[in-house]
Enquirer: 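Mind having a look at this structure? Questions to follow.
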Amino acid sequence: MFDSLKSKLRGVRSRFSREFEDTFIEEVSGDREIVSPAPETSSEEISADSQSLRTAESPDKTEPEDPSEQKKEKVAFSAKIRSLVKDREVHISEKKIEGPLQELEIVLLENDVALQTVDAISKQMRSELTGSTKKIGSSIDTMVMDALRDALLNVLGEGFSLTTYIDTHDHPVKVLFTGVNGAGKTTTIAKVAAYLKQKGYSVVIGSGDTFRAGANEQMQTHADRVGVKVIRHQEGSDPSAVLYDAVEYAKAHDIDVVLADTAGRFHNRANLMNQLAKIRRVFSPDIVAYVDEAVAGNDAVIRAEEFNNAVGTDVVVLTKADMDTRGGAAISIAHTIGRPIMFLGTGQEYTDIIPFEPKAVVSDLLGDE
Amino acid sequence: MVNNMENVEARELQMLEQYLKQFTQQVEAYSRQLEMLEGRRMETATAVETLKSLVDQEGPTVLLQIGGGASLRVHVPDTDTVLLNIGSDVVVERTNTETVDYLEERMTEMEALAKKIAESIEQVQKQAHDVAKRMESAYSQAQTRMNPGIQG
């Protein structure tokens with residue numbers, strides 16, 4: 001999952017580290033030049049000629065100095081290094097991070113991260129690193145990693161735990177799944193049902209996709225395999241009525257969660273969006289989950305935003321994340337629409353669904369041990 | 001009793017039929033994705049080939065499609081500056097070599113993804129094959145029961 005992004009981020013990290021190492025070396029050699037003149041040197045000796053000569057000399061050239069001076073310089077230099085190591089810090093200027101930061105922005109954009117999310121990450125990295133001082137001896141890589149981790153966590157938000165929500169709210173908890181055609185809503189519902197069942201919750205599915213031919217049967221097949229009851233009406237019937245019945249069934253049988261399927265639709269289809277608005281009124285869901293493919297990248301982000309504007313969204317589920325090497329949608333979607341990701345679909349099996357935990361995702365992206 | 005058995009078989013067959021339908025739909029969806037991916041890969045390969053061949057040409061010329069099936073012969077004054085959309089409609093200026101590297105990397109990614117999709121198709125097809133075999137044996141069992149005399 002997100003392999004391309006992972007490897008590119010590794011490259012950016014080393015670019016930051018190289019840049020800061022250079023800062024460290026420059027600062028230390030700069031200090032060395034100040035220390036170099038021996039205190040015994042008389043003012044007459046500092047003529048215009050010698051000054052120009054010193055400028056032309058490389059810092060390493062020590063031959064003309066006599067051995068005692070060389071020793072003094074060595075002592076002074078090592079003392080300086082010691083003091084640098086013990087007391088001093090290297091200052092990181094905005095100029096120094098500009099190059100690697102630009103590289104990071106390009107890497108993120110190339111991996112389908114939305115522009116506004118790239119800006120947010122870049123802004124936070126800049127503010128966290130610029131003007132900061134690095135204790136020499138502390139790891140540069142750790143500092144960069146921490147800044148990058150904070151920036152990514154900031155855009156990913158807090159995540160959303162469905163089980164925590166169920167535990168803290170009245171039952172049945174009603175979850176409505178919406179999204180475009182072919183994103184994998186029906187399969188996702190089966191996976192979520194299997195996940196909840198495994199966690200010990202009772203689940204009923206409302207087969208609200210009465211529009212697509214065979215959707216009812218598909219839902220039934222999944223539910224049979226997962227071992228969950230499905231409430232379904234005939235093809236072409238009113239989805240609101242199906243979902244109302246599902247809720248009534250859940251109430252009568254003391255079921256914890258109602259998972260409601262809906263027909264796939266695009267946000268620009270007014271009649272279908274009106275139908276969804278009616279479903280929302282009748283079903284009054286606790287959670288509206290928008291489902292889309294992670295592989296759709298930036299398109300998924302744009303669609304999610306438009307869907308959110310049209311009918312509202314509480315959480316996002318990204319399917320086919322195992323096929324997504326870039327991770328752009330996963331990183332951008334929460335930040336762009338301001339709603340957390342609830343689950344990632346990661347494969348063919350019913351168990352191939354993982355709750356989206358920002359810290360775990362960021363650790364994985366940054367290759368933490 | 002016989003009726004009950006027949007009901008069970010009918011239900012099983014119906015269920016298997018659903019599985020098969022579902023697997024077929026999955027294969028179709030994956031195949032569509034694979035087709036789209038292949039289209040994008042071919043397009044990228046064309047761009048790479050064009051960029052590479054432009055470098056060696058003297059007075060390089062390309063055909064610029066302007067819509068409606070019409071094209072113009074266009075002279076390219078600078079073959080080493082490429083405007084490249086890297087995502088989110090952000091266009092950056094890259095050299096010819098950098099662009100080729102970028103596009104080739106993208107092609108590698110697409111190939112890896114295509115391989116994954118092909119594997120998924122194979123997996124689903126295998127499942128579909130198993131279901132079809134089960135259906136076949138269920139049908140033949142049902143037929144045997146309905147025509148016991150033929151066997152003897």
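Every chain is numbered from 1, with letters handed out A, B, ... down the list of sequences.
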Enquirer: I'd like to verify something: which residue of Gln220(A), Lys320(A), Glu217(A), Gln116(A) has the highest number of heavy-atom pairs under 4.5 Å with chain B?
Expert: Glu217(A)
Enquirer: Is the count of non-hydrogen atoms from other residues, nucleotides or ligands lying under 6.0 Å from Glu122(B) atom CD greater than 12?
Expert: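 No, because the 6.0 Å sphere around CD of Glu122(B) holds 12 heavy atoms or fewer from other groups.
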Enquirer: Is any NZ, NE, NH1 or NH2 atom of the basic residue among Arg106(B) and Glu110(A) found under 4.0 Å from an Asp or Glu carboxylate oxygen of the other?
Expert: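 Result for this pair is no, no salt bridge flagged.
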Enquirer: For Glu293(A), which atoms come within 4.5 Å of any heavy atom of chain B: side chain, backbone, both, or neither?
Expert: side chain
Enquirer: In Å and rounded to the nearest 0.5 Å, what is the CD to OG1 distance from Gln26(B) to Thr187(A)?
Expert: 6.0 Å
Enquirer: Measure the NZ-CE distance between Lys115(B) and Met323(A) for me, rounded to the nearest 0.5 Å.
Expert: 13.0 Å
Enquirer: Measure distances from Gln33(B) to the heavy atoms of chain A and classify the residue's part below 4.5 Å as side chain, backbone, both or neither.
Expert: side chain
Enquirer: Which atoms of Val118(A) come close to chain B, meaning under 4.5 Å heavy atom to heavy atom: side chain ones, backbone ones, both, or neither?
Expert: neither
Enquirer: Could you go through Ile106(A) and Arg94(B), starting from their C-alpha distance and side-chain angles, then the distance that decides it, and tell me whether this counts as side chain to side chain contact (heavy atoms under 4.5 Å, CB included)?
Expert: CA-CA 12 Å; Ile106(A) 298 280; Arg94(B) 295 261 171 100; 3.1 Å; yes
Enquirer: In Å, rounded to the nearest 0.5 Å, how long is the span from CG of Asp224(A) to OH of Tyr19(B)?
Expert: 6.0 Å
Enquirer: Once you round to the nearest 0.5 Å, how far does CZ of Arg225(A) lie from CD of Gln18(B)?
Expert: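 With rounding to 0.5 Å, CZ (Arg225(A)) is 11.0 Å from CD (Gln18(B)).
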Enquirer: Name the region of Ile117(B), side chain, backbone, both or neither, that has any atom closer than 4.5 Å to a heavy atom of chain A.
Expert: both
Enquirer: More than 12 heavy atoms of other residues, nucleotides or ligands under 6.0 Å from CD of Glu136(B): yes or no?
Expert: no
Enquirer: CG of Asp324(A) to CD of Glu109(B): how many Å apart, nearest 0.5 Å?
Expert: 9.5 Å
Enquirer: Does Gln14(B), at its CD atom, have more than 12 non-hydrogen atoms belonging to other residues, nucleotides or ligands within less than 6.0 Å?
Expert: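 Counting neighbours around CD of Gln14(B), 12 or fewer heavy atoms of other residues, nucleotides or ligands fall under 6.0 Å, so no.
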Enquirer: When you look at CZ of Phe211(A), are more than 12 heavy atoms from neighbouring residues, nucleotides or ligands closer to it than 6.0 Å?
Expert: no
Enquirer: Using only atom types and a distance under 3.5 Å, with no angle test, would you say the side chain of Lys21(B) pairs donor to acceptor with the backbone of Gln218(A)?
Expert: no
Enquirer: Please give me the minimum heavy-atom distance between Lys116(B) and Asp322(A), naming the atom from each residue.
Expert: NZ-O, 2.6 Å
